[in-house]
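See structure below.
Chain letters run A, B, ... following the sequence lines, proteins first and then strands; every chain starts at 1.
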Amino acid sequence: MTEKHHFTHNWDEKNKRVSVSGLSDFDLRQTLECGQCFRWNREQDGSYTGVAFSRVINIRQEDRDLIIENCTQDDFLTIWVEYFDLNRDYGKIKKVLKADDPVMKRVISFGQGIRLLKQDPWETLISFIISQNANIPRIKKCIESLCCQFGAPIQQYRGKTYFAFPTPAAIIEGEPGALGTCRFGYREDYILKAAKQIGQDGGETLYEAASLTPGDAEQYLLGLPGVGPKVAGCILLFAMGSYSSFPIDVWMKRIMHQLYGLDEGNLAQIAAFAQDKYGELGGFAQQYLFYYAREGKNREEMERGSC
DNA sequence: AGCCAGGCCCAAC
DNA sequence: GTTGGGCATGGC
């Protein structure tokens, strides 16, 4: 019994273009700019070009359609359907979260088209080690630098060279001192140690962690250098399909205080509240809340700038 | 200029 | 087991 498809797709083999139509609850911009991923760049025409799983694509949305350029049908089916979580019924999820919760009704209306991307665990691990005590523009720069320095070139696309996310071996065997040019600061040591540890078995343990129970997977992740509860939560949620995971950072603390009156300093209280209120859907709730928190900041800045 | 950023580590209780 | 200071760096 396969899951029901909520979309149809066509492909143009000659032009390497795949068109997806009939999507609902999908907003490309919200999905790619809500802070879960760092390697997508918005082009002049509103499309996005990015790299995941060593493939370069350009993607744009027109109403309920997606147009994916530089993409074979095979890649669409084996990579991008899962990456963009196209088979999940987000209408149902939002309905459950909104039931008897006016807060979530408002929060979800802001990010109604967010999807949880299914990303690569190794890339997600390193990306969120980098993310600690940094802001999103800086995280993007660090990752870009890492990929340019150590990643394998994939292809020239529209005049630019795109690089794969580097393997652990590529990072370990890179030019001594090259890591320093990425400007990771104190995170550099975590990254090098993580690369050594993960590279030891070719990433096997990390990739198998996804099939453990969420609790066991979290315990494994917490043993990696530079990985604490928040980073582990992001890896579980964005790469391992643990959708009950509810990563709590400074934005989440603030917004949970603002919206639900919880104590910002009491991490355990916030976690327990989320577990109780959102349960298995915690990860989805977390993304809507995080987006709302950051959108709210952007709104304030716009308002300040205009007067 | 100075505060803050998708926190974690480690020492001191 | 909990708490708090220190932490490289750059965005804003």
Review point. For the rings on A/F128 and A/F238, is their centre-to-centre separation under 6.0 Å?
Key: yes

Check your understanding: In whole Å, what is the span from the NZ atom of A/K141 to the C1' atom of B/dA5?
Key -> 14 Å

Practice item. Using a 4.0 Å heavy-atom cut-off across all strands, classify A/P247 as base, sugar-phosphate, or nothing. Key: base

Review point. In terms of side-chain heavy atoms of A/N135, which of B/dC8, C/dC7, C/dG10 is nearest?
Key: C/dG10

Check your understanding: A/Y190 and A/Q132: side-chain donor and acceptor closer than 3.5 Å?
Key -> no

**Study point:** B/dG7 base / A/Y190 side chain donor-acceptor hit below 3.5 Å
**Key:** no

Check your understanding: Is the gap between the ring centers of A/F246 and A/Y278 under 6.0 Å?
Key -> yes

Point to revise | Interatomic distance, A/W251 CH2 vs C/dG11 P [rounded to whole Å] | key: 16 Å

Practice item. Please work out if A/G226 contacts a base, only the sugar-phosphate, or nothing of the nucleic acid, heavy-atom cut-off 4.0 Å. Key: sugar-phosphate

Practice item. Measure the distance from CZ on A/R187 to P on C/dG10 and round it to the nearest whole Å. Key: 10 Å

Point to revise | Short side-chain donor-acceptor distance under 3.5 Å, A/Y243 and A/R88 | key: yes

Practice item. For A/F238, answer base if it contacts any base atom (sugar-phosphate contacts may also be present), sugar-phosphate if it contacts only those atoms, and nothing otherwise; contact means non-hydrogen atoms under 4.0 Å. Key: base

Point to revise | Gap between atoms NZ and P, on A/K253 and B/dC4 respectively (whole Å) | key: 14 Å

Exercise for review: Just compare B/dC8, C/dC7, C/dG11 and give me whichever is closest to any side-chain atom of A/N133.
Suggested key: C/dC7

Exercise for review: Name the closest nucleotide to the A/V250 side chain, picking from B/dG7, C/dC12, C/dA8.
Suggested key: B/dG7

Exercise for review: Could you work out the separation of C/dG11 and B/dC8 based on their P atoms and round it to a whole Å?
Suggested key: 22 Å

Review point. For A/Q269 and C/dT2, what is the distance between atoms CD and P respectively, to the nearest whole Å?
Key: 15 Å

Exercise for review: Establish, yes or no, whether a centroid distance under 6.0 Å links the rings of A/F284 and A/Y90.
Suggested key: yes

Exercise for review: Select base, sugar-phosphate, or nothing to describe what A/I136 touches, counting heavy atoms under 4.0 Å on all strands.
Suggested key: sugar-phosphate

Revision key, fill the gap. When rounded to whole Å, the CD1 to P distance for the pair A/I130 and B/dG7 reads 13 Å

Review point. Has the side chain of A/R183 got a donor or acceptor atom sitting under 3.5 Å from an opposite partner on the base of C/dT9?
Key: no

Exercise for review: Starting at atom CG of A/L179, determine the distance to atom P of C/dT9, rounded to an integer number of angstrom.
Suggested key: 13 Å

Study note, to complete from the structure: A/Q132 CD to C/dG11 P, in whole Å, measures 18 Å

Check your understanding: Considering only the P atoms, how many Å lie between C/dG10 and B/dC9, rounded to the nearest integer?
Key -> 22 Å

Check your understanding: For C/dG11, does OP1 or OP2 lie under 4.0 Å from any side-chain N or O of A/K140?
Key -> no

Exercise for review: Determine: side-chain N/O of A/R254 to OP1/OP2 of B/dA5, distance under 4.0 Å, yes or no.
Suggested key: yes

Practice item. For residues A/F110 and A/Y291, establish whether the separation of their ring centroids is below 6.0 Å. Key: no

Practice item. Select base, sugar-phosphate, or nothing to describe what A/F290 touches, counting heavy atoms under 4.0 Å on all strands. Key: base

